[in-house]
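Predicted model, so just to flag it, every value in this text is computed and none were measured.
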Amino acid sequence: MGNTCRQETSRLADAERRLRALLPVTWSVRTQSTGPDRPAVDARLLITSPNGDSALLVPVVKRWSTAPTSSVIGTLHALSQARSEPILLVTDYVNRPLREACEAGQISYLDQTGWAYIALDSPAVLIRAQGGDRPPARRVSHTVTRLTGKASGRLIRTLLTAAAPLGVRELALQSGTSPGSAAKLLPTLATAGAIERDDQGQVTLVRRRQLLERWTADYQFLKSNRQVGYYLAPRGVDQARQHLTGRPEVALTGVAAARAYLPAEALAVVPTTTLTLYSTDADATVGSLRLVATDRPSANVVMAEPVDPVLVQSPAASVDGIPVVVLPQVLADLLTLPGRESLLAEQLMDHLASNDPTWKEHP
């Protein structure tokens, strides 16, 4: 209990400092405590304008939880109705769905990454400030924070295609991982607002674009895979592709792979000027395509050994008889490859959103 009180008091003091920094220097902010036992619970933040007008904010100091946004906002609304002064949520992180819900309900918030929304009628105050795209790191964590491993990739690829609701064990089974891996990853995704879970821990909603955005904040094609090589196909990309048919160690990704997932009548917004592929036997692939090692600017073939061989071993589609990795991996690679490839990822996601609302920008 003592440690919790100290943490709450520290966060309240930090909120006072940050609120003071957001207001003009002619305004003042100070903490008023109405009880000696738990100052962070009994305190109010008094904001005073230069002409003497003042308002009290009731700080609700909470450690970020992975509870559904509807549950968190319901608690805040109940607190707001029970008090005459406006509520201020003080926490370590407010993700996008919660920010939007708070602002819609006129609930102010401050988090440790810099996100802020302060709305008061008298004195008139409206402040918005942008913060980080993920919560601050914690000293002790039983969750996955870097989404670059094999298990993380399998779980996220499954979440990007599977239908909710989805329990931990079912997710682990579908992704070929362990329940422990799933249990460690889901809180991180919930914190980012990419998924929502119910009281039993089931995934009830997947915001697929937001999940992909969180994944690619860590995952990068050129950095997260093994032995990425740059090559020149002397006779061009089209000629090189002809030699890929029937090769079991290879699967396409990037622009060439996107053709498998676009409607037949759609024109890709990015042409295939570079062949991007995974290979579990780079030497064999280099030999069969007669590639010449080169530097990155001169390359028209980029080849990586996948961190997860299942991408090659279990392709999901094909283009001209060449295996293609699963759609979520194609999207992640397009978003993290250099050049204009991200535009093609947006085209693919827009196509997906036309039939699946979880792929919309703001579901």
Is it the case that the side chain of Gln106 and the backbone of Cys102 share a donor-acceptor pair, with hydrogens and angles ignored and the cut-off at 3.5 Å?
no
Considering all heavy atoms of both residues, which atom of Gly236 and which atom of Asn300 are nearest to each other, and what is their separation?
CA-ND2, 4.2 Å
Between Arg208 and Thr358, do the side chains contain an N or O donor and an N or O acceptor separated by less than 3.5 Å?
yes
Check: Tyr93 ring centre within less than 6.0 Å of Tyr109 ring centre:
no
Counting only N and O atoms by type, is there a donor-acceptor contact under 3.5 Å from the side chain of Thr336 to the main-chain atoms of Ala332?
yes
Between Arg157 and Gln329: side-chain donor-acceptor atoms closer than 3.5 Å:
yes
Does the pair Gln210 and Arg96 meet the rule for a side-chain hydrogen bond (donor to acceptor under 3.5 Å, both in side chains), with working shown?
CA-CA 9 Å; Gln210 200 159 330; Arg96 185 169 68 182; 2.8 Å; yes
Do you see a donor-acceptor pair shorter than 3.5 Å between the side chains of Glu249 and Thr280?
no
CZ (Arg18) and CG (Leu23) are apart, to the nearest 0.5 Å, by 12.5 Å
Where the side chain of Ser298 meets the backbone of Thr294, is there a donor-acceptor pair that is under 3.5 Å apart?
no
Quick one about Asp281 and Ser279 (side-chain donor to acceptor, distance below 3.5 Å, no hydrogens or angles considered), yes or no?
no
Under 3.5 Å, is there a donor-acceptor pair linking the side chains of Tyr219 and Asn225?
yes
Shortest non-hydrogen separation from Val325 to Ala251 and the atoms involved:
CG1-CB, 3.7 Å
Can you establish whether the number of heavy atoms outside Asp199 located under 6.0 Å from its atom CG is more than 12?
no
What I want to check is whether the side chains of Asp218 and Thr148 have a donor and an acceptor closer together than 3.5 Å.
no
Using a distance-only test with no angle check, is there a side-chain donor-acceptor pair under 3.5 angstrom linking Tyr117 and Asp111?
no
Answer yes or no: does atom CG of Asn51 have more than 12 heavy-atom neighbours from other residues, nucleotides or ligands under 6.0 Å?
yes
Please identify each residue that fulfils side-chain contact (heavy atoms from CB on, under 4.5 Å) with Ser28, with sequence neighbours left out.
Thr48
Applying side-chain hydrogen bond (donor to acceptor under 3.5 Å, both in side chains), run through Ser178 and Ser181 and close with a yes or a no.
CA-CA 5 Å; Ser178 68; Ser181 295; 3.0 Å; yes
Distance in Å, Leu147 CG paired with Leu189 CG, rounded so as to fall on 0.5 Å steps
6.0 Å
